[in-house]
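Heads up: the structure comes next, in structure tokens.
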Amino acid sequence: QVQLVESGGGSEEVGGSLTLSCAVSGYTGNRYCMGWFRQAPAKEREGVAVLGSDGNTSYAESVKGRFTISKDNAKNTLYLQMNSLKPEDTGMYYCAHRFLVPGGICNMPPFISGYTGQGTQVTVSS
């Protein structure tokens, strides 16, 4: 069982920055994918960024160059640093985890099977 608790959301102006945190507890395994996805009202869920246990990362085109995903293993915390925020970044942001089989590759969340946190709201106003 993996527990994920997000924090750090809030309201920010266009061009501002926010850092989201996801506190991770439970057994996460040696091979895993962890990431962030978001959902805006009346829109589909959108994968934002993913980090594999091998350190590889991937980003949605819409956030490349502006967002950075990272993990502090000592603190068991996943982060999403968001810079140059735009109104279209507004939404509920969720942290997600799934175990990875040997030879598997990480896809963008949301994951079909795995764990998801309760979300944290990000609002960007112009």
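As the structure is a computational prediction, the values presented were derived from the model and not from experiment. What's counted below: heavy atoms across the whole structure, side chains too, no hydrogens, waters or symmetry copies.
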task: Please tell me if the side chains of L18 and V122 come closer than 4.5 Å, counting only heavy atoms from C-beta onward.
output: yes
message: According to a hydrophobic-cluster definition based on side-chain heavy atoms being under 4.5 Å apart (Ile, Leu, Val, Met, Phe, Trp, Tyr only), do Y93 and V2 belong together?
response: yes
- prompt: Hey, what do you get for CZ (R38) to CD (E88), rounding to the nearest 0.5 Å?
  reply: 8.0 Å
message: Quick check on the hydrophobic clustering: are V5 and M92 connected, directly or via other members, by side-chain heavy-atom contacts under 4.5 Å?
response: no
task: Could you tell me whether the side chain of E6 and the main chain of C95 form a donor-acceptor pair under 3.5 Å?
output: yes
field: Minimum side-chain heavy-atom gap S25-N76 below 4.5 Å
entry: no
field: Nearest heavy atoms of L51 and T57, plus distance in Å
entry: CD1-CG2, 3.5 Å
- prompt: What is the minimum heavy-atom distance between P102 and R31, and which atoms define it?
  reply: CG-NH1, 3.8 Å
query: Between G52 and C106, which heavy-atom pair has the shortest distance, and what is it?
result: CA-SG, 3.7 Å
- prompt: Hey, does the side chain of T116 reach the backbone of A96 with a donor-acceptor pair shorter than 3.5 angstrom?
  reply: no
message: Keeping Y59 on the side-chain end and I69 on the backbone end, is there a donor-acceptor pair under 3.5 Å?
response: yes
- request: For the pair T120 (side chain) and G9 (backbone), establish whether a donor and an acceptor sit closer than 3.5 Å, ignoring hydrogens and angles.
  value: yes
From CG (L100) to CE (M34), nearest 0.5 Å: 13.0 Å
- prompt: How many angstroms lie between atom SG of C33 and atom CZ of F111, to the nearest 0.5 angstrom?
  reply: 5.0 Å
task: Tell me whether I112 is reachable from Y115 by hopping between hydrophobic residues (I, L, V, M, F, W, Y) whose side-chain heavy atoms are closer than 4.5 Å.
output: no
message: Under a 3.5 Å threshold, yes or no: a donor from one side chain and an acceptor from the other, between S62 and E46?
response: yes
message: Can you give me the closest heavy-atom contact between K71 and L78, atom names plus distance?
response: CB-CD1, 4.0 Å
- prompt: Going by distance alone, is a donor N or O of one side chain under 3.5 Å from an acceptor N or O of the other, for S17 and N83?
  reply: yes
task: Look only at the side chain of T77 and the backbone of K75, and say whether a donor-acceptor pair between them is shorter than 3.5 Å.
output: yes
message: On a heavy-atom basis, which atom in V48 and which in V63 lie closest, and how many Å separate them?
response: O-CG2, 3.6 Å
task: Report yes if the side chains of V124 and V14 come closer than 4.5 Å at any heavy-atom pair, otherwise no.
output: yes
field: Gap between atom CD of Q81 and atom CG of L20 - 0.5 Å precision
entry: 9.0 Å
field: CD (Q118) with more than 12 external heavy atoms under 6.0 Å
entry: yes
message: Just to verify, what does R66 make a salt bridge (Lys or Arg N to Asp or Glu O under 4.0 Å) with, not counting sequence neighbours?
response: D89
field: Criterion side-chain contact (heavy atoms from CB on, under 4.5 Å) on T19 and L80, from CA distance to verdict
entry: CA-CA 6 Å; T19 300; L80 184 69; over 6 Å; no
task: Could you go through the side-chain hydrogen bond (donor to acceptor under 3.5 Å, both in side chains) check for E12 and S125 one step at a time?
output: CA-CA 6 Å; E12 188 55 72; S125 57; over 6 Å; no
query: With no hydrogens and no angle check, is any side-chain donor or acceptor of H97 less than 3.5 Å from a backbone partner on T28?
result: yes
- prompt: Which is it for C22 and W36 under the side-chain contact (heavy atoms from CB on, under 4.5 Å) test, yes or no, and what are the steps along the way?
  reply: CA-CA 9 Å; C22 174; W36 296 89; 3.7 Å; yes
- request: Please check if the distance between the ring centroids of Y32 and F99 is under 6.0 Å.
  value: no
- prompt: For the side chain of S84 and the backbone of G15, is there at least one donor-acceptor N/O pair under 3.5 Å apart?
  reply: no
